[in-house]
J.: 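Have a look at this one.
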Amino acid sequence: MPGYYDISDILMEDEAVSVVFHVGANGVGLLDPGTETNSVEKGAKIDLPFWLAHELCRRRAVSITIPSCFGQKMKKDVQADAACVDLGTRYPYFYEFGCKLFPLVGDKSIGPFLRHTFANRYKEMLSKSHTASLNAIPKFVLRLSKEEYQLFEAARSSMVEFKKWRVRDLGLMKTTIVGHKRKTDLH
Amino acid sequence: MYARRAAQLLQELSSCEEGQLPPYNGDKFDQVIRECEEHSRQFQSLIRDKDIETKNEDHYGSFIHHLSIIRNKRCLMAYMYKRAEVIQSNRWNVGRVLPREIQDKLNFSEQEYFKDYCGVIDSYMKDLDLDLTVDMVPPKDPYIRVRVLSEIGEVSLGDHAVSLTKDSFHFLRRTDAEPFISQGLMEEFVE
């Protein structure tokens, strides 16, 4: 479980979700840009940051609508080609967010959907990470979510270390091309 | 409001490379604290004279303000904690004296923290009679060749003095050369 001080967990919880309020709330008019009074009406649909939506949902004050990243269009995109879906720019916290959202909404298909997406993207990511060099950043890395990127980096750096180990200087490995160096100079 | 500014502080911190710090953003930090005070004022005005058990609109409004304060606190704590971790790692990677550009990024209490941390490490090393900050990577050889990058002058190493002029090569013990290498005044000469 991510810790209290974990910065990527904190930033992940800042993602916006759309919620529907089951109750009214006074004194928090700033949450709803459309309201004239300093309060939120029952039944209002507002975008809240996830940390707030999560707590309110636990106390049954709001219900969370499934965000677009787990909606029908996304499912179709993943079905077509999982590896091409751009998680890096659109939803960098795709997996962590899905895991936290899953218990709060009624949709039971999110869990299997996350697993299916990850499994399909993993194959290509693994093969690319083993061949990538340390300096060049292949374009597809920009499409990876944060968690996938950590796996990618781990695989890439361990591959580089392995290659370095294979050619380490044992005093025997280096073969020079034995040219026909003839001393034409005979004096 | 509602912890957006605090999240921006953390974005700033996380966009830096590992082991580097952005300059201490005192302004934003103070703004977040003022936001907490505002939330607290709103909270007080919503719960006065109310029975805590009734779940009416004021209750939920005050709850949202309470959550915002907790969230701001978490963001600020994480900000300070991460910076403290990087400052600690600086003692091990860079040394006792921080170069000017790193010092400029710390605020006053962070600089004091660094001094106190160095003091703690030094007294511990004195008790052990062992310098823990050398040889962070196990060396292959106790001696290394070095090339001097900037003029250092006469330095006494062990029982003899060495004149470290610019662009001169020396064959030194690794423990003697490491403090100069970590400050960037020397580099290891690899054939």
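Computation of the quantities below employed the complete heavy-atom set of this structure, encompassing side-chain atoms and omitting hydrogens, waters and symmetry-equivalent molecules. Each chain gets a letter, A, B and so on, in the order the sequences are listed, and its residues count up from 1. Keep in mind it's a predicted model, so treat the numbers as computed, not measured.
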J.: Quick check on the hydrophobic clustering: are L149(B) and I144(B) connected, directly or via other members, by side-chain heavy-atom contacts under 4.5 Å?
T.: no
J.: Taking all non-hydrogen atoms of both residues, which atom of A25(A) and which atom of G61(B) are closest, and how far apart?
T.: CB-N, 3.9 Å
J.: Is it possible for you to say whether M159(A) and V141(A) belong to one hydrophobic cluster, with membership spreading through side-chain heavy-atom contacts below 4.5 Å?
T.: no
J.: Heavy-atom distance under 4.5 Å to chain B: side chain of I7(A), backbone, both or neither?
T.: side chain
J.: Answer yes or no: does atom CG of D167(B) have more than 12 heavy-atom neighbours from other residues, nucleotides or ligands under 6.0 Å?
T.: yes
J.: For residues V17(A) and L67(B): do they belong to one hydrophobic cluster (side chain heavy atoms under 4.5 Å, members Ile, Leu, Val, Met, Phe, Trp, Tyr)?
T.: yes
J.: Mind checking whether V32(B) and I69(B) sit in one hydrophobic cluster, side chains of I, L, V, M, F, W, Y counted as touching below 4.5 Å?
T.: no
J.: Does F108(B) CZ have over 12 foreign heavy atoms under 6.0 Å away?
T.: no
J.: Below 3.5 Å only, please: all the donor-acceptor pairs between chain B and chain A, one per line.
T.:
{"from": "E57(B)", "atom 1": "O", "to": "N26(A)", "atom 2": "N", "distance (Å)": "3.1"}
{"from": "D58(B)", "atom 1": "OD1", "to": "N26(A)", "atom 2": "ND2", "distance (Å)": "2.7"}
{"from": "H65(B)", "atom 1": "NE2", "to": "G27(A)", "atom 2": "O", "distance (Å)": "2.9"}
{"from": "R71(B)", "atom 1": "NH1", "to": "E13(A)", "atom 2": "OE1", "distance (Å)": "3.4"}
{"from": "R71(B)", "atom 1": "NH2", "to": "I10(A)", "atom 2": "O", "distance (Å)": "2.7"}
{"from": "R74(B)", "atom 1": "NE", "to": "Y4(A)", "atom 2": "O", "distance (Å)": "2.8"}
{"from": "R74(B)", "atom 1": "NH2", "to": "G3(A)", "atom 2": "O", "distance (Å)": "3.1"}
{"from": "R74(B)", "atom 1": "NH2", "to": "Y4(A)", "atom 2": "O", "distance (Å)": "3.3"}
{"from": "R74(B)", "atom 1": "NH2", "to": "D9(A)", "atom 2": "OD2", "distance (Å)": "3.0"}

J.: Can you hop from L11(A) to L9(B) via hydrophobic side chains spaced under 4.5 Å?
T.: yes
J.: Who among L52(A), L56(A), I10(A) has the most heavy-atom pairs with chain B under 4.5 Å?
T.: I10(A)
